[in-house]
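The structure appears below as structure tokens.
From a predicted model like this one, the values you see are computed outputs, not experimental measurements.
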Amino acid sequence: MGDFTVRTRKFKQNPLLGRKQFVLDIIHPGLANVSKKDLGTKLASMYKVHDAQCIHLFGFKTAFGGGRSTGFGLIYDSLDKMKKFEPRYRLKRAGVGGEKAGAGRRAKKDTKNRRKKVRG
């Protein structure tokens with residue numbers, strides 16, 4: 001986990017979406033980058049979050065020359081609010097979103113074409 005400093009800017013309380021949103025500035029000299037999991041645990045202790053799964057971090061860019069990164073963070077009030085308002089792809093990234101049921105696109109096409117051949 002290395003040594004890094006986390007600062008938040010543009011901190012907003014968003015009661016309609018049930019979340020806190022902010023821009024993160026990370027200072028990490030000597031490190032290429034900091035993992036989102038490490039940042040999540042640090043933010044959970046900073047903002048006294050009961051469930052670390054309610055924290056979403058994304059859009060990180062490392063400054064030229066390294067040592068500094070900037071990204072965006074969301075802390076949801078509850079897992080229900082998060083499931084309601086977060087896009088599906090971000091829920092899947094966090095390991096919360098539901099898995100797809102049924103055959104994939106290619107498999108459906110293959111079975112359709114096999115049926116056509118059987119019919120004649």
Side-chain angles (χ1 to χ4, degrees):
M1 182 169 134
D3 190 33
F4 60 92
T5 311
V6 177
R7 288 206 184 98
T8 56
R9 289 187 287 127
K10 298 183 179 179
F11 194 91
K12 272 186 197 159
Q13 195 87 23
N14 194 335
L16 291 175
L17 297 179
R19 71 185 185 194
K20 300 173 188 92
Q21 52 198 48
F22 47 86
V23 174
L24 271 174
D25 288 326
I26 299 108
I27 300 162
H28 48 90
L31 287 171
N33 233 326
V34 184
S35 73
K36 289 178 189 168
K37 191 175 267 188
D38 292 344
L39 287 171
T41 54
K42 191 143 185 170
L43 282 170
S45 64
M46 278 170 64
Y47 291 105
K48 297 176 182 70
V49 179
H50 56 88
D51 189 7
Q53 263 193 327
C54 292
I55 299 173
H56 272 260
L57 304 170
F58 56 94
F60 280 91
K61 299 221 172 10
T62 307
F64 181 73
R68 276 191 342 265
S69 296
T70 307
F72 200 74
L74 304 170
I75 300 175
Y76 280 91
D77 297 340
S78 66
L79 219 57
D80 298 334
K81 294 265 189 192
M82 186 178 75
K83 285 180 182 173
K84 187 175 180 184
F85 294 116
E86 272 295 284
R88 283 216 182 93
Y89 76 95
R90 279 209 299 250
L91 287 174
K92 280 185 186 170
R93 244 183 230 174
V96 180
E99 298 302 312
K100 276 188 182 175
R105 182 171 179 263
R106 184 81 250 166
K108 284 180 198 167
K109 284 184 172 191
D110 289 342
T111 53
K112 175 193 68 137
N113 290 332
R114 254 186 254 119
R115 255 186 294 158
K116 287 199 300 193
K117 285 177 188 169
V118 167
R119 186 167 171 230

### Message
Before you tell me yes or no, could you show the steps for L39 and V6 under side-chain contact (heavy atoms from CB on, under 4.5 Å), namely the whole-Å CA-CA distance, both residues' side-chain angles and the distance that decides it to 0.1 Å?
### Response
CA-CA 8 Å; L39 287 171; V6 177; 3.8 Å; yes
Straight-line distance of [X] [atom1] to [Y] [atom2], nearest 0.5 Å:
X: T5; Y: I26; atom1: OG1; atom2: CD1; result: 10.0 Å
X: M46; Y: I55; atom1: CE; atom2: CD1; result: 10.0 Å
X: H28; Y: N33; atom1: NE2; atom2: CG; result: 5.0 Å

What closest approach, in Å, do [X] and [Y] show between heavy atoms, and which atom pair accounts for it?
X: H56; Y: A94; result: CE1-CB, 3.7 Å
X: P29; Y: D3; result: CD-O, 4.4 Å
X: F22; Y: L74; result: CZ-N, 4.3 Å

### Intermediate values then yes/no, side-chain contact (heavy atoms from CB on, under 4.5 Å), C54 and L79
CA-CA 6 Å; C54 292; L79 219 57; 4.0 Å; yes
### Query
With distance as the sole test, does K42 use its side chain to make a donor-acceptor pair with the main-chain N or O of F4 at under 3.5 Å?
yes
### Task
Could you list all the side chain to side chain donor-acceptor pair (under 3.5 Å) pairs where at least one residue sits in residues 101-112, not counting sequence neighbours?
none
For [X], side-chain hydrogen bond (donor to acceptor under 3.5 Å, both in side chains) partners two or more places apart:
X: S35; result: D38
X: N14; result: Q21
X: R90; result: E86

### Query
Given the rule in the side-chain contact (heavy atoms from CB on, under 4.5 Å) test, do Y47 and T8 qualify, once you have shown the distances and angles that lead to the verdict?
CA-CA 11 Å; Y47 291 105; T8 56; 2.8 Å; yes
### Task
Can you run down the ring pair (Phe, Tyr, Trp, His ring centres under 6.0 Å) pairs that involve residues 59-97, sequence neighbours left out, and say none if there aren't any?
F58-F72
### Query
What pairs of residues pass the salt bridge (Lys or Arg N to Asp or Glu O under 4.0 Å) test when at least one of them lies in residues 4-17, not counting sequence neighbours?
R9-D25
### Query
Restricting to pairs with a member in residues 47-69, which pass salt bridge (Lys or Arg N to Asp or Glu O under 4.0 Å), not counting sequence neighbours?
none
### Query
Do L24 and I27 belong together in a cluster built from hydrophobic side chains that touch within less than 4.5 Å?
no
